[in-house]
Number of protein chains: 2
Amino acid sequence: MRRETYNEFRRLCQKHSLAATHQRQKIYEALVSRPGHYSPEEIYEQVKQDLPSISLATVYKNLKTFVHAGMLCEVSPHHGSWRIDANHHPHHHLVCTRCRSITDLDFDSLGPVKLRGKLPSGFRLEKFTIEVRGVCKACTAAETKQH
Amino acid sequence: MRRETYNEFRRLCQKHSLAATHQRQKIYEALVSRPGHYSPEEIYEQVKQDLPSISLATVYKNLKTFVHAGMLCEVSPHHGSWRIDANHHPHHHLVCTRCRSITDLDFDSLGPVKLRGKLPSGFRLEKFTIEVRGVCKACTAAETKQH
DNA sequence: AATCCTTTAATAACTATTATCATCTGATAA
DNA sequence: TTATCAGATGATAATAGTTATTAAAGGATT
Ligand SMILES: [Mn+2]
Ligand SMILES: [Mn+2]
Ligand SMILES: [Zn+2]
Ligand SMILES: [Zn+2]
């Protein structure tokens, strides 16, 4: 692991009161040291090369911990449940990052997305999907109440 | 089921060479007759009120069939696998609807999204996520080869 | 080095989804 | 209308993905 990455890792662990374990170090490195959008399984396979006895559950737990701490992001808030949309009109989605609720957002609520550069060659565009992530009214209310 | 919805359903089934079964009719209706972004389980519970002996597997199979035919859409192309992103720079994603691969797309490749109207009251915005759905180079090549 | 609290590995449990297969049914043509 | 049959269904087994449990081990602090 690069010295710079290692220092950043220690700093982040301290900031979030997390013990800087070997496992966490390797998991973090597996994600940060190469571009990509990996699944827990892929991270597990990668880390196992250095720490053969690591458990898949440890990978899951720490990925959750890191995401919760804001050190990493989820690609999609919808993994884990298949959701179907019958609305054929062009529209966007409001997604609550707490309760995962999905609400339609009128097409005209946002200005159009404009292509500036070129897409990578060979990619055949089908459509733009815009998700607005945030915290819904109900979840905001619930959080406020607790404090 | 409204006459109009029923006719549309028959038309779509004919167009896609699908038998217009009771089960399909009720599944279609459960989605089209009320706004929402339902899971297979939720559709199952709804349809079961009319067809108590319907199987959950039938719901899954037909939702897939309908999505494949373009009669319904998936809310997210990422269901089923949790993917982690370590890239903290603002950026977008290219997602292949065939192989589900995810590629970063530079922030400047798209113009900024502008808020026009108001978001629904109480929704606390965190960030915009733009996914560009399409077919990647490899999948396009693979499809071309087959014909 | 001793202590304490956190983290880990192993694995059981659980949830979501898909596969299998015998039976049944909608569509078509006689 | 009835016969036919490819395609659809229901029951359930199997698989994939994720989370919970718990005894043992390891960082952090002193
Ligand atoms: Mn929608
Ligand atoms: Mn990315
Ligand atoms: Zn919410
Ligand atoms: Zn592809």
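Lettering of chains follows the sequences in order, A, B, ..., and the numbering in each one begins at 1.
The side chain of Ser55(B) has dG10(D) as its nearest neighbour among dA8(D), dG10(D), dA9(C). For Thr21(B), taking side-chain heavy atoms from C-beta onward, the closest of the listed nucleotides dA8(D), dT17(C), dA11(D) is dA8(D).
Phosphate proximity of dT18(D) to Lys64(A): absent, as no side-chain N or O sits under 4.0 Å from OP1 or OP2. Distances shorter than 4.0 Å separate some side-chain N or O of Arg10(B) from OP1 or OP2 on dA27(C). For Gln23(B) and dG10(D), the shortest distance from a side-chain N or O to OP1 or OP2 is below 4.0 Å. In this model, the phosphate group of dT18(C) is not approached by any side-chain N or O of Tyr60(B) to a distance below 4.0 Å at OP1 or OP2. For Thr58(B), a side-chain nitrogen or oxygen approaches OP1 or OP2 of dG10(D) to under 4.0 Å. Taking side-chain N and O atoms only, His22(A) has a distance below 4.0 Å to OP1 or OP2 of dG27(D).
Distance, His79(A) NE2 to dA16(C) C1': 11 Å, rounded to whole Å. Following rounding to the nearest Å, Leu51(A) (CG) and dA10(C) (P) show an atom-to-atom distance of 12 Å. Between the CD atom of Glu42(A) and the C1' atom of dT18(D) there is a distance of 16 Å, given to the nearest Å. The distance from atom CD1 of Ile84(A) to atom C1' of dT17(C) is 13 Å, rounded to the nearest whole Å. In this structure, CD of Gln25(B) is placed 11 Å from P of dA27(C), rounded to the nearest angstrom. Between Arg100(B) atom CZ and dT17(C) atom P the separation is 12 Å, expressed in whole Å. At whole-Å resolution of the value, OH in Tyr44(B) and C1' in dT12(D) are 12 Å apart. Atom P of nucleotide dT17(C) and atom CD of Glu74(B) are separated by 11 Å, given to the nearest angstrom.
Ranked by how close their nearest DNA chain C nucleotide is to the 5' end, Gly80(B) and Gln14(B) are led by Gly80(B). Residue whose closest nucleotide on DNA chain C sits further toward the 5' end, between Ser39(B) and Asn62(A): Asn62(A). Projected onto DNA chain D by closest heavy-atom contact, Leu18(A) and Leu18(B) fall at different nucleotides, the more 5' of which corresponds to Leu18(B). Nearer to the 5' terminus of DNA chain D, by closest-nucleotide assignment, is the contact made by Ile54(B) (compared with the other of Ile54(B) and Ser81(B)).
Ala57(A) comes within contact range of at least one nucleobase, with a heavy-atom separation under 4.0 Å.
Remark: the backbone N or O of Ala19(B) is paired with a side-chain donor or acceptor of Arg24(B) at under 3.5 angstrom. Formation of a donor-acceptor pair under 3.5 Å by the Ser33(A) side chain with backbone atoms of Glu29(A) is found in this model.
One finds a salt bridge joining Arg98(B) and Glu143(B) here, because a Lys/Arg side-chain nitrogen approaches an Asp/Glu carboxylate oxygen to under 4.0 Å. Looking at Glu74(A) and Arg100(A), a side-chain N of the basic residue comes within less than 4.0 Å of a carboxylate O on the acidic one, giving a salt bridge.
Aromatic rings from His89(B) and Phe107(B) are positioned such that their centres are separated by 6.0 Å or more.
Tested against His78(A) for a side chain to side chain donor-acceptor pair (under 3.5 Å), the candidates His93(A), Glu131(A), Arg83(A) yield a single pass: Glu131(A).
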